[in-house]
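We use all heavy atoms of the structure for the numbers below, so side chains are in, but hydrogens, waters and symmetry mates are not. Within every chain, numbering begins at 1; the chains are lettered A, B, ... in the order of the sequence lines, protein sequences first and strands thereafter.
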Amino acid sequence: MTQPTSVPRNDFIRDIIDDDLKTNKHAGRVATRFPPEPNGYIHIGHAKSVCLNFGLAAQYQGTCNLRLDDTDPLGESMEYVESIIRDVHWLGFDWRDRLFYASDYFERLYQFAVELIKLGDAYVCDLNADEVRERRGNFTEPGQDSPYRNRSVDENLDLFARMRAGEFEDGSHTVRAKIDMASPFIVMRDPVIYRIKREPHYRTGSDWVIYPMYDFAHCLSDALEGITHSICTLEFENNRPLYDWFVERLIPAGKRPNQIEFARLNLSYTVLSKRRLIELVKKGYVNGWDDPRMPTVTGMRRRGYTPEAIRNFCAAIGVAKNDNLIDVALLEHCVREDLNEKAPRAMCVLNPLRVVIDNYPEGQVEAFEFANHPQQPEMGTRQVPFSRVLYIERDDFMEDPPKKYHRLGPGREVRLRNAYVIKYESMVKDETGEVIELHCTYDPQTRDAAPADGRKVQGVIHWVSAEHCVPAEARLYDRLFSIQDPGKEEEFLQFLNPDSLEILTTCYAEPSLKDADLGSRYQFERLGYFGVDAKDSSGDKLVFNRIVPLRDSWGKLASGEKK
RNA sequence: UGGGGCGUCGUCAAGCGGUAAGACACAGGAUUUUGGUUCCUGCAUUCGGAGGUUCGAAUCCUCCCGCCCCAGCCA
């Protein structure tokens with residue numbers, strides 16, 4: 001597995017690390033970690049964190065662990081763990097043997113809590129959740145001490161052991177850190193560090209009925225793994241005093257990790273809230289976590305995005321502390337930039353219109369050899385048959401074309417890509433008045449040359465031989481949400497774009513695509529980009545996903561008209 | 001409302017007292033057998049606002065304004 005060279009800009013974090021290195025704070029080490037909770041699939045927002053953490057480690061010749069932060073059994077599963085492992089690998093990062101689970105630390109975390117109790121810094125509280133909330137105070141008023149706050153160490157130790165042994169009901173007791181009920185940091189008002197929860201854990205089963213809370217588990221897990229820089233998102237800034245509080249009490253100086261926060265990714269027209277993505281999947285608005293409309297890593301993979309493109313995107317957006325709403329156009333730019341270079345070209349007709357070349361010999365077939373890429377001859381060539389009857393894109397003909405339209409219409413000429421210039425002769429309509437067939441003539445001299453008389457033919461359209469083309473299943477997707485920032489809206493489902501419905505249609509591809517390498521990507525000239533996805537293909541059918549959505553609707557995409 | 005953060009082009013983002021990088025987007029133009037690509041060109045006299053310090057301020061000070069986060073036994 002290659003470690004990507006493109007890392008996000010991360011100046012302010014680099015400054016911190018450089019400073020720590022200078023003062024020899026962590027004995028010259030740089031150790032980071034990517035710590036997702038396995039309660040969903042990772043998305044483009046996680047990718048930013050992955051690139052940052054692994055990128056920083058690579059930049060400083062340090063290490064980056066993959067840690068599953070599985071301290072709340074509710075909603076966590078092995079399926080999610082496996083998806084995370086797969087997706088981080090796919091993105092191009094390698095943690096070698098540094099795969100960890102917070103759940104592997106349950107015993108050690110328990111011992112840390114015992115130690116904290118012995119220090120007199122934690123106690124067992126008999127208040128239930130409602131009672132705790134009532135006594136927490138609010139932004140302007142301090143909270144009140146729990147009546148159980150001053151139990152003896154021995155009593156606390158005994159109670160905690162009995163919590164672990166399952167003697168108490170769920171929610172009846174907690175272990176709380178004894179800090180300050182009047183702290184302006186709400187999180188410091190005697191936070192719960194252990195709760196009773198009879199929920200089977202996907203890894204530890206029913207071994208435990210008590211589970212550590214994030215604030216307690218995370219910092220200590222970092223310390224246990226020797227993490228030096230624990231990078232998380234901005235909303236944890238308020239938790240940093242608590243992070244430090246635990247670490248200062250339980251971890252020797254010199255081995256204490258530091259938390260650094262950066263702004264999470266927000267993408268226009270995209271929902272990145274895990275809670276909401278789960279809702280989209282569970283309620284069936286999409287076909288699953290890997291639906292090409294999902295902003296998940298696996299969804300983007302099925303849509304034809306490349307790991308390189310995603311990494312470049314993460315590098316391009318930078319890392320800072322400003323709240324942001326990145327224009328999805330930047331993501332699409334990165335995808336285009338990468339695919340433009342590596343995607344072989346092909347022709348395909350989505351909405352066919354039959355064209356008969358009247359002066360082309362009946363039964364004749366020419367096998368043209370086309371370059372797979374206009375700028376990269378090393379990508380080779382392919383054979384494409386040309387014959388008397390072709391299909392062209394319906395939008396490439398207009399009965400009454402506007403001024404700037406330079407494709408086919410009455411009295412017009414157009415070039416068939418890589419082949420001849422053809423001239424319109426007549427059209428055939430059905431009883432409803434719809435054009436169902438065009439008759440044209442071709443100019444045999446124009447195969448690899450401009451018209452001899454110097455006349456200009458501006459339009460170039462794609463085509464496929466009716467007799468030889470292969471039908472394929474095309475899946476067309478538009479963006480899921482219609483407003484720029486659905487992530488900010490409570491009722492985000494009402495902003496589902498009606499045009500985002502999966503469109504299944506038959507397209508007609510050139511025959512060379514029958515042997516297409518499923519899983520690879522093609523750019524369909526004059527159509528935009530499509531990916532070919534192996535996972536969803538059946539038999540010898542081809543499945544195309546639109547990779548880069550153009551701004552407008554599908555109709556405009558095919559016609560490509562400006563304004 | 002108390003606290004924690006953040007405010008530089010439409011969107012991101014450099015800048016760290018010496019006179020506003022870059023990217024995307026957008027607008028022109030050139031090349032082009034993809035209306036693609038590529039290639040030029042343009043795009044913040046100004047850094048949330050107002051004062052102040054200084055020869056000099058986006059950078060330092062003061063006040064004000066705006067946005068985000070925190071009152072889960074979620075992470």
Side-chain angles (χ1 to χ4, degrees), chain A residues 9 11 15 35-37 39 69-72 74-75 125 127-130 132-134 136-143 170-176 182-189 191-197 210-211 213-215 217-218 232-241 261 263 265-266 268 274-275 313 315-334 336-337 340-341 345 347 370 373-375 404-407 415-421 446-450 457-462 484 523-529 559-562:
Chain A
R9 311 181 56 117
D11 297 55
D15 286 349
E37 182 187 10
N39 65 347
D69 206 6
D70 52 359
T71 57
D72 181 2
L74 196 64
C125 180
L127 260 24
N128 64 33
D130 288 338
V132 168
R133 189 179 319 115
E134 283 161 19
R136 186 149 32 221
N138 53 42
F139 292 148
T140 49
E141 288 161 33
D170 284 15
S172 64
H173 297 255
T174 56
V175 176
R176 296 224 259 161
S183 173
F185 289 95
I186 306 292
V187 76
M188 298 295 273
R189 321 246 259 225
V192 170
I193 64 174
Y194 262 94
R195 76 283 212 176
I196 305 173
K197 204 167 195 168
I210 57 171
Y211 293 96
M213 297 288 290
Y214 165 85
D215 284 304
H218 200 93
C232 63
T233 45
L234 245 31
E235 63 271 27
F236 291 102
E237 258 173 333
N238 293 306
N239 301 48
R240 179 151 33 108
E261 310 84 9
L265 170 70
N266 296 299
S268 62
K274 210 188 239 180
R275 197 209 100 212
F313 169 73
I317 58 178
V319 175
K321 299 188 79 159
N322 303 337
D323 286 331
N324 59 71
L325 181 60
I326 309 286
D327 192 337
V328 73
L330 178 57
L331 209 212
E332 292 170 356
H333 161 81
C334 291
R336 270 193 219 102
E337 185 182 48
N340 177 54
E341 194 179 306
R345 310 294 140 106
M347 293 193 289
F370 294 160
H373 190 112
Q375 280 86 31
K404 289 191 171 173
Y405 187 84
H406 34 244
R407 281 165 281 157
R415 173 173 293 280
L416 295 174
R417 168 117 244 247
N418 284 127
Y420 305 105
V421 169
T446 55
R447 164 76 171 96
D448 276 310
V457 177
Q458 212 182 166
V460 178
I461 66 175
H462 57 185
Q484 191 173 35
Q523 181 194 145
F524 289 94
E525 293 170 309
R526 301 282 286 99
L527 272 181
Y529 295 93
S559 69
E561 241 60 55
K562 281 187 181 174

With a 3.5 angstrom cut-off on both distances, give the Watson-Crick or G-U wobble partner of B:G7, or none if there isn't one. B:C65
Using the P atom as the point on both nucleotides, what is the distance between B:U62 and B:G28, in whole Å? 48 Å
B:A75 phosphate, OP1 or OP2: any side-chain N/O from A:Arg195 under 4.0 angstrom? yes
Counting the atoms with a prime plus P, OP1 and OP2 as sugar-phosphate, which does A:Lys197 contact under 4.0 Å by heavy atoms, base, sugar-phosphate, or nothing? sugar-phosphate
How is A:Leu127 classified with respect to the nucleic acid when contacts are heavy atoms under 4.0 Å: base, sugar-phosphate, or nothing? base
Rounding to the closest angstrom, what is the interatomic distance between B:G48 and B:C55 at atom P? 25 Å
What contact category does A:Glu341 fall into here, base, sugar-phosphate, or nothing, at under 4.0 angstrom with non-hydrogen atoms? nothing
Taking B:C65 as the reference, what is the distance to B:U1 when you measure between their P atoms (whole Å, please)? 10 Å
Regarding A:Phe236, tell me which of base, sugar-phosphate or nothing describes its non-hydrogen contacts under 4.0 Å with the strands shown. base
Is a donor on one side and an acceptor on the other found under 3.5 Å between the side chain of A:Asn324 and the backbone of A:Leu265? no
Roughly how many Å apart are B:C16 and B:A57, using the P atom of each and rounding to a whole number? 15 Å
Within the structure shown, what part of the strands sits under 4.0 Å from A:Arg415 by heavy-atom distance: base, sugar-phosphate, or nothing? base
My understanding is that a pair needs two contacts under 3.5 Å, Watson-Crick or G-U wobble. By that rule, which nucleotide pairs with B:A57? none
Within the pair A:Ser183 and B:G3, is there a side-chain N or O less than 4.0 Å away from OP1 or OP2? no
Using a distance-only criterion (donor-acceptor N/O pair, under 3.5 Å, no hydrogens), is the base of B:G36 paired with the side chain of A:Gln375? yes
Answer yes or no: does a side-chain N or O of A:Arg275 lie under 4.0 Å from OP1 or OP2 of B:G72? no
B:G2 pairs with, by Watson-Crick or G-U criteria that keep both distances under 3.5 Å: B:C70
Whole-angstrom distance between B:U8 and B:G49, as gauged at atom P: 10 Å
Expressed as a whole number of angstroms, how long is the span from A:Glu134:CD to B:C73:P? 13 Å
How many angstroms lie between CG in A:Asp327 and OG in A:Ser268, if you round to the nearest 0.5 Å? 4.5 Å
For nucleotides B:C12 and B:C39, find the distance between their P atoms and express it as a whole number of Å. 27 Å
May I ask you to say what A:Val187 touches in the nucleic acid, namely base, sugar-phosphate or nothing, with a heavy-atom cut-off under 4.0 Å? nothing
Once rounded to the nearest 0.5 Å, what's the spacing between atom CE of A:Met347 and atom CG of A:Leu416? 8.5 Å
Would you call B:G72 syn or anti, using the 90° rule around 0? syn
Between CZ of A:Arg526 and CD1 of A:Ile461, what distance do you get to the nearest 0.5 Å? 8.0 Å
Would you mind telling me which residue lines up with the more 5' stretch of RNA chain B, A:His333 or A:Asp327, judged by nearest nucleotide? A:Asp327
Check every atom of B:C6, B:C16, B:A71 against the side chain of A:Ile186 and return the nucleotide holding the closest atom. B:A71
Does a side-chain N or O from A:Arg240 land closer than 4.0 Å to OP1 or OP2 of B:G4, or not? no
A:Asp11 atom CG is separated from B:A23 atom P, nearest whole Å, by 17 Å
For A:Glu341, I'd like to know if atom CD has over 12 heavy atoms of other residues, nucleotides or ligands within 6.0 Å. no
Between the side-chain atoms of A:Asn238 and the base atoms of B:C69, is any donor-acceptor pair under 3.5 Å? yes
Should A:Lys321 be listed as having a side-chain N or O under 4.0 Å from OP1 or OP2 of B:C68? no
NA contact type, A:Ser268, heavy-atom cut-off 4.0 Å: base, sugar-phosphate, or nothing? nothing
Electrostatic pair A:Lys274:A:Glu37 at N-O distance under 4.0 angstrom: no
N/O (side chain, A:Asn322) to phosphate O (OP1/OP2, B:G7) under 4.0 Å: yes
May I ask you to decide if A:Val421's main-chain N or O and A:Thr446's side chain share a donor-acceptor pair within less than 3.5 Å? yes
Using only side-chain N and O atoms of A:Arg133, determine if any of them is under 4.0 Å from OP1 or OP2 of B:G72. yes
Whether A:Tyr214 stacks on the six-membered ring of B:A75 base, 5.5 Å and 30° limits: no
Between B:A30 and B:A44, how many Å separate the two P atoms, rounded to a whole number? 24 Å
Which is true for A:Pro241 with a 4.0 Å heavy-atom rule: it touches a base, it touches only sugar-phosphate, or it touches nothing? nothing
What interatomic distance, in whole Å, is found between P of B:G15 and the corresponding atom of B:G36? 36 Å
Once you round to the nearest 0.5 Å, how far does CD of A:Glu261 lie from CD of A:Glu235? 9.5 Å
Using a heavy-atom cut-off of 4.0 Å across all strands, would you classify A:Asn418 as base, sugar-phosphate, or nothing? base
Could you please name the partner base of B:C26, counting Watson-Crick and G-U wobble pairs only when both distances are under 3.5 Å? B:G42
Taking the nucleotide of RNA chain B with the closest heavy atom to each, which residue, A:Leu325 or A:Asp448, is nearer the 5' end? A:Leu325
Determine the contact category for A:Ala449: base if any of its heavy atoms lies under 4.0 Å from a base atom, sugar-phosphate if only primed atoms, P, OP1 or OP2 are that close, otherwise nothing. base
Classify the nucleic acid contact of A:Asn128 as base, sugar-phosphate or nothing, counting any heavy atom under 4.0 Å across all strands shown. base
